[in-house]
Protein chains: 2
Amino acid sequence: MRISTKFSDALHLLSFIEVFKSQKITSETIAASINTSPVVVRRLIAELRTAKIIGPYEGGCSPRLAESSKDVTLFDVYTAIEHKRRLFNVDHDTNPRCPVGAHIPDVLDTVYAEAEAAAFGQLRRTTLRDVIDRIEVAHRMEGEVS
Amino acid sequence: MRISTKFSDALHLLSFIEVFKSQKITSETIAASINTSPVVVRRLIAELRTAKIIGPYEGGCSPRLAESSKDVTLFDVYTAIEHKRRLFNVDHDTNPRCPVGAHIPDVLDTVYAEAEAAAFGQLRRTTLRDVIDRIEVAHRMEGEVS
DNA sequence: TTTCTCCGTAACTGACTCAGTTACACACAA
DNA sequence: TTGTGTGTAACTGAGTCAGTTACGGAGAAA
């Protein structure tokens, strides 16, 4: 199985509501940009809201970031969406009567944790603001070419 | 989707055939340690063989590493089993007429690649020998306790 | 040779996950 | 009151994964 596109869609959603924060935004508007259905968007918003990345619902108002985009890291978003899901999966159902089978789950837990820490450290170092900046740079460059 | 346990099982398999290389090994023996079926083991062996991590089939002989366990990195095994599979999934099906939707796939491709590079770098730094060493340390410590 | 063991591989199955849809009650604004 | 958008639950179809059955072939032993 694979890390779903929910994480990507969540980052898309957050970038969208920040870029267009001066305009009225509905789940329909967002869904049109992500190419998905409004319900999927609302589910994502609900998850990001319980993680306090999106502020509380205020009847009819467009969703807003709870804090500055500079203070939201990609790791925050990852955990909001994927919770404690690991990047690599350890097979814990092994034969405890075999020296290898008995100890490899713990060994892989440790080894994988090191690799995951490296990836998550990078996600922690990248903020939502960084993502939006890159989007805006790409958008401006497109304008110059055409 | 999540990275399946195939990667873990492959590392288990490789550790097993290296630790018990002085003994006769069948897919049945290995399957008993991994707690799976011999067919699953044979499929794994086939994949590791095409990646040249396990040496060619020599009728009836037990499977052997193609090179020293010190020269096999976890990244080698990862690519043998999961090929180019990415740790994070980019949703490329977005609306190109929206500034955010048009550029976020490329931005996430880049950002994810940085995080993946960090994780894969760690996998490259870890060898099969390291894994086996840790298994043997754990095994010896168990002996002392009991 | 015949028999036995093990291998490689293909085809099928059941469980699980994911994205998407339909549906419906609720809140707020016009 | 009507309309719009929200939150949430339930269902669906596609896709993936691990496991199983099955079968032909190679090599060793009788």
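Nothing here was measured: the structure is a model prediction, and the numbers come from that model. Each chain gets a letter, A, B and so on, in the order the sequences are listed, and its residues count up from 1.
Taking atom CD1 on A:Ile81 and atom P on C:dC18, their separation rounds to 12 Å, with Å as the unit. Computed from coordinates, the B:Arg49 CZ to C:dC6 P distance equals 16 Å when rounded to whole Å. Atom pair B:Ile34:CD1 and D:dC17:C1' shows a separation of 16 Å (rounding to whole Å applied). Taking atom CG of B:Asp93 as the reference point, atom P of C:dC18 lies 18 Å away to the nearest angstrom. What separates CZ of A:Arg85 from P of C:dC18 is a distance of 5 Å, to the nearest Å. Atom pair A:Lys6:NZ and C:dA19:C1' shows a separation of 10 Å (rounding to whole Å applied). For the pair A:Ile30 CD1 and D:dT6 C1', the computed distance is 12 Å after rounding to whole Å. For the pair B:Tyr57 OH and D:dA26 P, the interatomic distance rounds to 10 Å; values are reported in whole Å.
Between the A:Arg49 side chain and the A:Gly55 main chain, a donor and an acceptor come within less than 3.5 Å of each other.
The closest side-chain heavy-atom distance from B:Leu74 to A:Phe88 is not below 4.5 Å.
For B:Arg42, the listed nucleotide lying nearest its side chain is D:dA22; candidates were D:dA22, D:dT6, C:dC18. Closest approach to the A:Val40 side chain among D:dA18, D:dC17, C:dG20 is made by C:dG20 (side chain taken as heavy atoms from C-beta onward).
For the side chain to side chain contact (heavy atoms under 4.5 Å, CB included) with B:Leu48, the qualifying choice from B:Asp76, B:Ile81, B:Leu65 is B:Ile81, the only one to do so. A side chain to side chain contact (heavy atoms under 4.5 Å, CB included) with B:Pro105 holds for exactly one of B:Asp93, B:Asp91, B:Thr94, B:Thr110; it is B:Thr94.
Pairing each heavy atom of A:Phe20 with each of A:Ile25, the nearest pair is O-CD1, 3.4 Å. Residue B:Val111 comes nearest to A:Arg134 through the heavy atom pair CG2-CZ, 4.1 Å, listed as atom of the first residue, atom of the second, then distance.
Neither OP1 nor OP2 of C:dC6 sits under 4.0 Å from any side-chain N or O of B:Ser27. For D:dA18, neither phosphate oxygen OP1 nor OP2 lies less than 4.0 angstrom from any side-chain nitrogen or oxygen of B:Thr36. At least one side-chain nitrogen or oxygen of B:Thr5 sits closer than 4.0 Å to the OP1 or OP2 atom of D:dA18.
Using cut-offs of 30° and 60° for the angle between ring planes, the A:Phe120 and A:Tyr78 rings count as tilted.
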Dump every N/O contact between nucleotides 9-14 of chain D and the protein below 3.5 Å, one line per pair.
from, atom 1, to, atom 2, distance (Å)
D:dA10, N6, A:Arg43, NH1, 3.2

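Among the atoms of the strands shown, base atoms are found under 4.0 Å from some heavy atom of B:Ser37.
Both B:Ile45 and B:Asp91 lie near DNA chain C, and the one whose nearest nucleotide falls closer to the 5' end is B:Ile45.
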